Protein chains: 2
Amino acid sequence: MSVQVNKTAHSFDKVRLDALLNRRFFYAPAFEIYGGIAGLYDYGPPGSALQANIIAEWRKHFIVEEGMLELDTTIMTPAPVFETSGHVARFADWMVKDTKTGDVLRADHLVKNVLEARLAGNLEARGAAAIPQNENDKKRKKKAAKVTATALEDSVVKEYETILAQLDNYSGPQLGELCRTHKIRNPDTDNEVGEPQQFNLMFASSIGPTGQHPGFLRPETAQGHFLNFSRLLEYNNGRVPFASAQIGRSFRNEISPRAGLLRVREFTMAEIEHYVDPEDKNHDKFKEVRDVELILLDRHVQESGSSETIRMKVGEAVDKGIIANETLGYFVARIYQFLVKIGINPERLRFRQHMANEMAHYATDCWDAEIHNSTGWTECVGCADRAAYDLSVHSAKTGHPLVVRQALKEPIVTEKEAVEWDKKTLGKTYKKEAGVIQKVVESLEEAALIKLKGELTQGAAVITSEDGKSFKLTPDILSIERKVFKQSIREFTPNVIEPSFGLGRILYTLLEHSFWSREQDVERGVLSIPPVVAPTKVLIVPLSARIEFDPLVQEVSTKLRRAGVFSRVDDSNTSIGKRYARNDELGTPYGVTIDFASVQNRTMTLRERDTMDQRIGPMDEVIATVTDLVNGSINWAEACQRLPAYDGVQAVD
Amino acid sequence: MSVQVNKTAHSFDKVRLDALLNRRFFYAPAFEIYGGIAGLYDYGPPGSALQANIIAEWRKHFIVEEGMLELDTTIMTPAPVFETSGHVARFADWMVKDTKTGDVLRADHLVKNVLEARLAGNLEARGAAAIPQNENDKKRKKKAAKVTATALEDSVVKEYETILAQLDNYSGPQLGELCRTHKIRNPDTDNEVGEPQQFNLMFASSIGPTGQHPGFLRPETAQGHFLNFSRLLEYNNGRVPFASAQIGRSFRNEISPRAGLLRVREFTMAEIEHYVDPEDKNHDKFKEVRDVELILLDRHVQESGSSETIRMKVGEAVDKGIIANETLGYFVARIYQFLVKIGINPERLRFRQHMANEMAHYATDCWDAEIHNSTGWTECVGCADRAAYDLSVHSAKTGHPLVVRQALKEPIVTEKEAVEWDKKTLGKTYKKEAGVIQKVVESLEEAALIKLKGELTQGAAVITSEDGKSFKLTPDILSIERKVFKQSIREFTPNVIEPSFGLGRILYTLLEHSFWSREQDVERGVLSIPPVVAPTKVLIVPLSARIEFDPLVQEVSTKLRRAGVFSRVDDSNTSIGKRYARNDELGTPYGVTIDFASVQNRTMTLRERDTMDQRIGPMDEVIATVTDLVNGSINWAEACQRLPAYDGVQAVD
């Protein structure tokens, strides 16, 4: 019934997409009229709305569905917090300086760019498809190293491929070694680069009028969760597992951001910290996701120098130990479901496990949701098992216990030897050394205590302190007896599973996956954003700005608002065709047209974005149909059964 | 029918409210386990949800209702932007230092605290009600100056009152003068304070690895709107009026924040920039709000040393010129409607006009929505007419025109004298001086040009340059003719009306206005937050955590979620009464109880928070009723007509 559309008639063209996003103000470089600052972007109306809708869906999918506890903590953070968390010492990238110009480059990106260019040049020299040097590449020449057609030895090709597969695994000195061994230079100047140095990625500031409190802008929202753990636990009536969630801005002072929204200095994150008993990482709802099939790239495959993925159900991946536990697996699957729901192409979504050296200092296992786009595979969501790291270090530093105290159903009953002192006699006999003696005895193992007990029943025993001094003990000083102990509370530091979403990266890759051009005209771009996150759901198009259409425009607009459907009116002075074309670029899935027939017969046409198919019906029926379409309760084929096709002609007196 | 409740049986007690908010984790000092930092707060689950609901309602009330263009711009801002906007030079408070300890105090707060304490002491000395020195005051002793019972001359009392009424109007040197004249010292130490000095309130940082770009954290979101003006205008098809809106974090490095959420260093704002033709500040929808009655405190009243308010309809206030124009009046009224809708007591809401010196450097008129609370009147929303200030300065600095170009319906036709040069002859005759001559002639007024034209028809004329040189001009060098000019485009810089909301202050005053204690027990606090913004709308209370209740809990929870009603389950191990009391503190307006009768008869009880009234009905009918209550389509009295009262006894086999 519904029209078929060829979305792949033209190959993906990033230049065209970027121009569209700029023209329609999805986003733009911040402070553009001041010349801009790399890595800072402002979202315009469609970009903000798309982001707000992704966030709303995220809230539903995670917070509401799982009953998570939402938080909103501060960005400005006093330095001691990040000293404890390890960020002051280790949240850094390796940078190298051009030895002549002083330009700063990120070391791993430099190695990647140069080796990839050499591999491409090798292919070209060997007569494979020449690398297209289109507008796009020219514009990005500062980013990509220049490709020169030079053949490489097979062994060199293999070596480069292995380096690239393991790139995230190298330390700074190793990257420096790679630059020397493989003569990697700054591609912009062909100058040598110096030794890699660490650059901390946190923005620094200071708090208060006298600068007494050094502070940092948070590079992630996570610490705000951890510091409030006790309050959250109490709010949850003292029980685990539970999760806290937060959506907010974070900051990373990237060394040289040049990849649009994929690498920025300020970004919106959505983070979950799921607190779980370290002895039981099973998940109640895991059975609901067991059969979700994922594309996986595990640690061992990468460490062997390969990038080959496998398809596997998450249940099987956990059963086989590829994914460490059910909770981690559950969130990996939920992340997958969320991304696909908002419009990410599942064929371009893989989960890659971190290699040993690559892992953040706090993580014990980590899987990244990577989304494929025109720049390659990009990490968009991290899903890490941070174990007890964060809660332990903050607890140790502040002395504030960040633990769960669980009443045991069956108290644990143990019998052991217990020492009882006659402190008066001990003190009188040994004065200052009494403390040392107590310490020595109380650190004795069970067997040694039993031995000591035996000796005491014989009248006396001799113990030796660490520094070799001997003391004689007698039964008037201490007695040792077997006693029964009952432990009814178990105290433990929960482990934390952290799904962490970079919303800007998700938003950008979603735009790439949604973009195509009409078969008949490559200039007519369309963003097929799913209705659930589309910035505007319905465009209301009066034939012209004539005053007689106003009451109907008002009526439709009010009725859609009451139905919870976000619409916009476009009564600008251009043809209806041009207005629809503009809204195809904005990703607006549906359009309704109000014309003279609407005034006379109260009919309205309904247009679907991708197919450009048009239907007609009474206004209220069109409103009801479009509401069902937007809410996902019917699809376009079903809508077509409700509303007849519009043949472009309407009876008007 | 419905029960009457006495909410004022106990007078407001801030200590009790603060304890409740802390206990239930509405918010708490950030980094508390690290000792905290003044002016930084984290919102816990109920606080985050309350904030999110206020934001959602704000979006509906302003952005959706008015079709505003939403933005999301960066917090980190390069210094040149704030140099141009004037913030680097002028966004500062006056601080004084204790001459001995070096402690830093905000100068105006110091004057206020000390004079208010003296006035209170005077009242006490004269036998009026002694100032209660309760727990609350003791805890806040660092904030309020100590009250000593000392009588003051009538003239001194009058003088202090005048100073306090005009406090926001003093410059730094004037504040210094006040401290000297009235012997105002640091109340904590009784030491003298030094001369007031300016302290810039922006947090500084630097962008990029080499520190090449100094930057600031934005103290307001406004500049992000202005810098994108051209793009926004284009998005709006080139027309004004229109508005942009943004909700986001801003930062102010307050000198010594000590008033909870009312004065913080990091806060969420919601800002609107409404762009309007400076020659037409009428508003299409003003007629819809003409009759909204407001409590006003205008500039002249304050400047005369009084704080007396008047009640007036906004229509009248604009007609009388008290509020400068319809657009400003429209937004003042819409702000009022919004605040009252979310639960602010309209009797404790006034609009205060800024005095001349008090106004921000960019504003030409400004009205603050001030909300009364236990600390006095607090500015929670500003509504300023920033005129063309911001767009003009950024445009001048960057050379990027931030203007509206409007096609005139009727072109403006003018006749004037036009000069035509024979450049060849001019050049040949005067060589290098040709430019000077052109400049002199073209800067002539109409009358002088006519005179010159007359002389030229006589054969020759003489002109004199600025530096006194004379040149002879002849008809072969230039001719002057009367010509008709047609101007069909009008170009202008729009004015900006800016409603700017401090969401944390609104949230806190809303909590104060919502708080009361049960008549029969002052320990039982209630937050009567309106359903529209309440963190949780419905509490689901199973009689116990027994497994037989689980399917019903699931069912009710799912049905409420589908109806768009946010609920939470409380199956903790305490009595139903205690669970309801806890949720009265959380402001949850409705509760449903699932018990053995629910399992057997599928009935459920519904409880209303304020009255504690309980009704009973079939589960689906209770769900439908509570959905209507939450959406505001029925009130409790109507709900009582649908559902019979619950007498506490249910038939169970």
Side-chain angles (χ1 to χ4, degrees), chain A residues 25 28 30-34 37-38 40-45 47-49 51-52 64 67 69-78 80-81 95 104 199 203-205 207-210 213 217 224 227-228 231-232 234-235 237 248-249 251 253 255-256 265-266 394 398 400 561 566 568-569 572, chain B residues 24-25 28 30-34 37-38 40-45 47-49 51-52 64 67 69-78 80-81 95 104 199 203-205 207-210 213 217 224 227-228 231-232 234-235 237 249 251 253 255-256 265-266 394 398 400 561 566 568-569 572:
Chain A
F25 199 9
F31 322 109
E32 199 178 15
I33 67 173
Y34 278 83
I37 291 278
L40 293 176
Y41 289 87
D42 290 343
Y43 288 25
S48 307
Q51 181 183 249
V64 175
L69 305 184
E70 193 165 354
L71 281 176
D72 191 16
T73 71
T74 65
I75 292 168
M76 182 63 74
T77 306
V81 172
M95 63 175 184
V104 173
F199 173 67
F203 282 100
S205 190
I207 310 169
T210 53
H213 299 293
L217 303 189
L227 298 188
N228 285 299
R231 287 182 173 275
L232 290 166
E234 193 189 332
Y235 192 85
N237 300 320
R249 221 46 92 78
F251 294 79
N253 197 3
I255 291 170
S256 55
R265 286 173 164 153
E266 178 175 341
H394 288 303
T398 63
H400 184 100
R561 188 163 67 237
F566 185 69
R568 279 206 179 268
V569 178
S572 59
Chain B
R24 295 302 170 211
F25 199 10
F31 321 108
E32 198 178 16
I33 66 172
Y34 277 83
I37 291 278
L40 294 177
Y41 289 88
D42 289 343
Y43 288 27
S48 307
Q51 181 183 252
V64 175
L69 305 184
E70 192 165 354
L71 282 176
D72 192 16
T73 72
T74 64
I75 292 167
M76 182 61 75
T77 307
V81 172
M95 62 174 187
V104 173
F199 173 68
F203 282 100
S205 190
I207 310 168
T210 54
H213 300 294
L217 303 190
L227 298 188
N228 285 300
R231 287 180 172 276
L232 290 166
E234 193 190 331
Y235 192 85
N237 300 319
R249 220 46 91 79
F251 294 78
N253 197 3
I255 291 169
S256 55
R265 287 175 163 152
E266 178 175 342
H394 287 302
T398 62
H400 184 101
R561 188 162 69 236
F566 185 69
R568 278 206 178 268
V569 178
S572 58

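Because only heavy atoms are used, hydrogens play no part in the values below, and waters and symmetry mates are left out as well, while side chains stay in. By convention in this document, chain letters (A, B, ...) are assigned in the order of the sequence lines, proteins followed by strands, and residues within each chain are numbered from 1. As the structure is a computational prediction, the values presented were derived from the model and not from experiment.
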Exercise. Determine the option with the most heavy-atom pairs under 4.5 angstrom with chain B, choosing from Thr74(A), Asn253(A), Leu227(A).
Key: Thr74(A)
Quiz prompt | For chain A, the option from Val569(B), Ile207(B), Val104(B) that forms the most heavy-atom pairs under 4.5 Å | solution = Ile207(B)
Quiz prompt | Heavy-atom proximity to chain B below 4.5 Å, by part of Ile37(A) | solution = side chain
Practice problem: Specify which of Pro78(B), Gly47(B), Gly67(B) makes the most heavy-atom pairs with chain A at under 4.5 Å. | Solution: Pro78(B)
Self-check item: Proximity breakdown for Glu266(B) and chain A, heavy-atom pairs closer than 4.5 Å
Solution: side chain
Quiz prompt | Options Ser48(A), Gly44(A), Pro209(A), ranked by heavy-atom pairs under 4.5 Å with chain B, top entry | solution = Pro209(A)
Self-check item: Contact class of Phe566(A) relative to chain B, heavy atoms under 4.5 angstrom
Solution: side chain
Exercise. Please determine, among Pro45(A), Ala38(A), Ala52(A), the option with the most heavy-atom pairs under 4.5 Å with chain B.
Key: Pro45(A)
Exercise. Go through the steps to decide whether His394(B) and Tyr34(A) satisfy the test ring-ring contact (aromatic ring centres under 6.0 Å, His included), and finish with yes or no.
Key: CA-CA 9 Å; His394(B) 287 302; Tyr34(A) 278 83; 5.7 Å; yes
Exercise. Can you measure from NE2 (His213(A)) to CG (Leu40(B)) and round to the nearest 0.5 angstrom?
Key: 9.5 Å
Quiz prompt | Part of Tyr235(B) lying under 4.5 Å from any heavy atom of chain A | solution = side chain
Quiz prompt | Part of Phe203(A) lying under 4.5 Å from any heavy atom of chain B | solution = both
Quiz prompt | Region of Thr77(B) in contact with chain A, defined by heavy-atom distances below 4.5 Å | solution = both
Practice problem: Measure distances from Val81(A) to the heavy atoms of chain B and classify the residue's part below 4.5 Å as side chain, backbone, both or neither. | Solution: both
Exercise. Could you tell me which of Leu232(B), Ile33(B), Leu69(B) has the largest number of non-hydrogen atom pairs under 4.5 Å with chain A?
Key: Ile33(B)
Quiz item: For Arg24(B), is it the side chain, the backbone, both or neither that has a heavy atom under 4.5 Å from a heavy atom of chain A?
Solution: backbone
Exercise. For each of Thr73(A), Asp72(A), Asn237(A), tally heavy-atom pairs with chain B at distances under 4.5 Å, and name the one with the top tally.
Key: Asp72(A)
Quiz prompt | Heavy-atom proximity to chain B below 4.5 Å, by part of Met76(A) | solution = both
Quiz item: Heavy-atom distance under 4.5 Å to chain B: side chain of Phe31(A), backbone, both or neither?
Solution: both
Quiz item: By a 4.5 Å heavy-atom criterion (distance strictly below it), what part of Tyr41(B) contacts chain A: side chain, backbone, both, or neither?
Solution: backbone
Quiz item: Can you name the closest pair of heavy atoms from Ala204(B) and Ser205(A) and give their distance?
Solution: O-OG, 2.7 Å
Quiz item: Tell me, side chain or backbone of Ala30(B) under 4.5 Å from chain A's heavy atoms, or both, or neither?
Solution: side chain
Quiz item: Given a strict heavy-atom distance threshold of 4.5 Å, which part of Ile75(B) is in contact with chain A: side chain, backbone, both, or neither?
Solution: both
Practice problem: Could you tell me which portion of Arg231(B) (side chain, backbone, both or neither) has an atom closer than 4.5 angstrom to a non-hydrogen atom of chain A? | Solution: both
